[in-house]
Amino acid sequence: MPVQLLKIIKGESETPLPSHLQKEDLKCLQEGCDYTNKYFQGTVVLSYPLTKLRDGTDFFKVVLQDLNNSCSRINSINILIYGKMAEDCAKVIRHGDTFVVAGFKLAKSPTAREDGRHGCDLEVSEEAGSAIYIYTKRSTSAASETASVSVAPKYVYTPLNHLKDGTVVNLYGIVKFFKPPYVSKGTDYCSVVTLVDPSNAKLTCTLFSGNLDSLPKIYKIGDIVRFHRIKIREYNGQMQGITSGGFASLTFDGSVGAPVVPRTSSKLYTFLDEEQKTIEELRAWAASNLSISGPTAKLSGVQPMLFFDLTCQLVGKARVDGSSFLLKVWDGTKCPYPTWKVPVEARDLEGEKGLLQQLRNLTVDILVYDNHVQLAKSLKIGSFLRIYSIHTKQASADNQDVSHVEFHLHGGTCYGRGIGVLPESNPDVKELKAFLESVDLADSQNMESMSSVELDGIFSNVTDLQSHLQRCQQLSVTVLTDHQDLNNTGLKTILNSTAPQQYRIRAKLRTFKPQKLHQCIKLYCSKCNSLKEVPNGDDFDLILQDAAATAPNPELRNTSWYDSVMWTTQDQKQRKIAIHFVKHDEMLQEPEETLLMIEGGTLKEVWKLSRRFKCVIPVRSTEDDLELLDLSAPFLLQGSVKYYGCKQCSTPKTIKSLSSLAAEQRPSWEPTEIAQVLGIVPLQYVFIMKFTLVDGTGALNAYLFDYMTCHGWNASSSPITSQME
Ligand SMILES: [Zn+2]
C-alpha cells in the first residue's frame, strides 16, 4: 500500500520501515541522484488543497520541515504528490504529522526563489514506485500527543572512529568526562561530554538546550549515552559533536548488571531489544577496558587540598552574595577535620530549622560560586545531589593549633565542576537514603562541636586574601589582626588619638580597593615614597622602538670589559642590533652567569635573551658611551622580573660604571648593586590594598602593604597600617 499510516506505541512504530530504505538528509538532496531506496522524513508544516491537473491527475502539495536542520537557513521542502497517492494523503494528513517519503524523484523547484524552500521539489507517485508513511498522533495515547517528534523506528549507529565532518549521526558512547549542565552565556544550558567506545576513538560533544531536561542526564563517569541526531564537525583535526535540531539522548547506568532503564525526559522514544544488548556489550567492554572510578568520596574520607565528587542530601541553603551561594549538605558521615561554617544571617538560611540544628555536626558548608549560583538557588531542600569537583581547602588560623577545612565549588566548569540533581530512583541515592536513615543522630550530637572556626585576618597568599575579602565584605565577618595580646579598641578612640600607635580592632569591612588583583601591584620608591603603576609591555615596546632608531655606535664595540656582536636584520626595516657580553677575567661566562647589554632589540628579543642570560640591560649608543634607556623602561631584566628605577630620585650614569662590578672577583649581578653603580634608585614591587572598616563608632581606612623581595613576596605576615581620614 503506497500510503501507510503507522501508529507509534511507546515510542516505537508498530510496523518498522522496510529495512532496505536509507534515510537522506535535506541538505544532501540533489537533482540527478537515485532515491529509489532512500527516504526523506520531515514534519508537515503546510498542505495545500487537493487539486486536479489539466490532464485530470490528482495533485496534492505538502511542505515538510526537516527538524534535523532547523537551524540552517533552508529547512523545508515542497513535496508534490501525484495521482492516487495525492488523494489518499489529502485524506489523512494533518499538520505536525511526521511524514516519510520513500523512492522519490527530485526536480528543480520553480518556486524556490519565492518560497525560500529547498531548490528542488520532491516528486512522488505510485507509478514512480514511491511510498509514503505517516506517523500519526491521532490514534495514539494522550502521552504521545504532547511529544513533538515521532521518530523513525530503525536507526543506524556510527562508531566513534567512523565519524565524518559535516554529518548528523546517531551514536552510542561511554562517558569518559562530563560537565553537568550549566547556564551558558545566553539563557541556554550547556553540557560537555567526552565519549569513548570500543573503537577506542574519543568524541567530545558540546550540547546546548534552552530546556535543562533535554540534555543527557549523566550522573557519573562510566554512564552510557545514546545520542540521536548529533552534528559532527571537524575542528583542529579532531571530531566534535554539537547539538543539532531534533537532538535527543538517552542515558543508562554503565554498571554491569544494573537494570537497563534509559534516563530521559522524552515521553516518546524508541528503544529496541537489540539495543539492550548494545548497552550490555558497552558495559562489559568498559568494565574491562576503562578505569572509570571517579574521585568520589564520603565526607569521612575527604582529604585537604584535593578535589572530590560528593553524593549528598541538601539540608539548607542560603544566599551569601551575588557571586556565591551556600549549600549545607550531609552524607551521614562525619568529616574528620573541623569544617568551616560560612556565616549567614539566620533569616537567609532556608531549610527546616529543627533538622539543621539536629544535623549541625554532620552537615558541611559548601560555598558555590559564579555560574553555579543560579542552579544552586533552584535546588530543593531535601533533594539528593552529586556535586562534582569540590575543592577541599585547608585553612589554618594564625596563632592557633586548630586548622579547618573549607569546601568550595569554584566558578567555571573545568574538570567537570558542577552540581547534578539525582532522582530518588538512582541506585546511589537509594543507598545513601538507606544509610542516612541508619545514622544515629544522638551520637553525633554528643560530639564536641569544634567545627566553627572564625575567619582570621591573616591569609597565606594574596589570591586567597582577595576571595576572602570579597566574601567578608558581604558577610560582616570579623577581621582580626594577629596581635592577640592587645584588647579591642573602638574606631572612634583610634581616630581621636595620635599616631603612631598599635591597636587591635573588631570591625566590619565596608569596602576594599582595588577589587582586581593585578591593580594591587604597584611600584614603590622608598626614597621619595611615591607609588607608580607598573608600566605595561606596550610602554616598553615604544621605548625600545624609539631607541632602535639610533644605530649602534661602532666605536663602542669590543672594549676591555665586554665583547660585542653586531648585525643587521634581513627584513625590510634593516634594524641594526648590537649585543655586548660583559667579560670577567678577560673571558666570556656561561649564559646563566652572563650580563649582556642590547641595542636595537625588540621587546620579543629582549624577553628571549632575558630567559637565557642572567641579566639583560637594554641600552643605546651616545657619542662616547652606552647609556640606559628612559626610566619608564626596566633598567634590568632578570628572567621574567623587570626592575624599574625611580625617575625622580635616580641620576643615571653611563654604562662604563658597570665595569667596576665586572672587575670584581665574583660578580653576583645583584639588581641592587647594579642599580647602585648605575645611579638608579630602584623601585620595589609592592602589594597594596585599602580597606574601609566600620564598627559603629566610626570609619577607618586601613592599608595593607606588602613588598616583593628577590625571593618573592615578603613571607612575614602582612602588617596592616592604618591612616586616619
Ligand atoms: Zn623616588
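We count ligands from 1, going down the list as the structure has it; atoms in each ligand are counted the same way.
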### Query
Strictly by modelled atom types, are Ser621 and Glu599 linked by a side-chain donor-acceptor pair under 3.5 Å?
yes
### Task
Compute whether any side-chain donor of one residue and acceptor of the other, for Asp625 and Thr654, lie under 3.5 angstrom apart.
yes
### Query
Taking only residues two or more places apart in sequence, or in another chain, which ones meet Lys492 in a side-chain contact (heavy atoms from CB on, under 4.5 Å)?
Asn496, Thr697
### Task
Go through the structure and list residues passing ring pair (Phe, Tyr, Trp, His ring centres under 6.0 Å) with Phe178, not counting sequence neighbours.
Tyr388
### Task
Starting from the Zn ion (ligand 1), count all protein N, O or S atoms within a radius below 2.8 Å.
4
### Task
For the residue pair Phe308 and Phe407, categorise the inter-ring angle as parallel (less than 30°), tilted (30 to 60°) or perpendicular (more than 60°).
perpendicular
### Query
Please, which pairs that meet salt bridge (charged side-chain N to carboxylate O under 4.0 Å, His left out) have at least one residue in residues 636-648, sequence neighbours excluded?
Asp630-Lys647
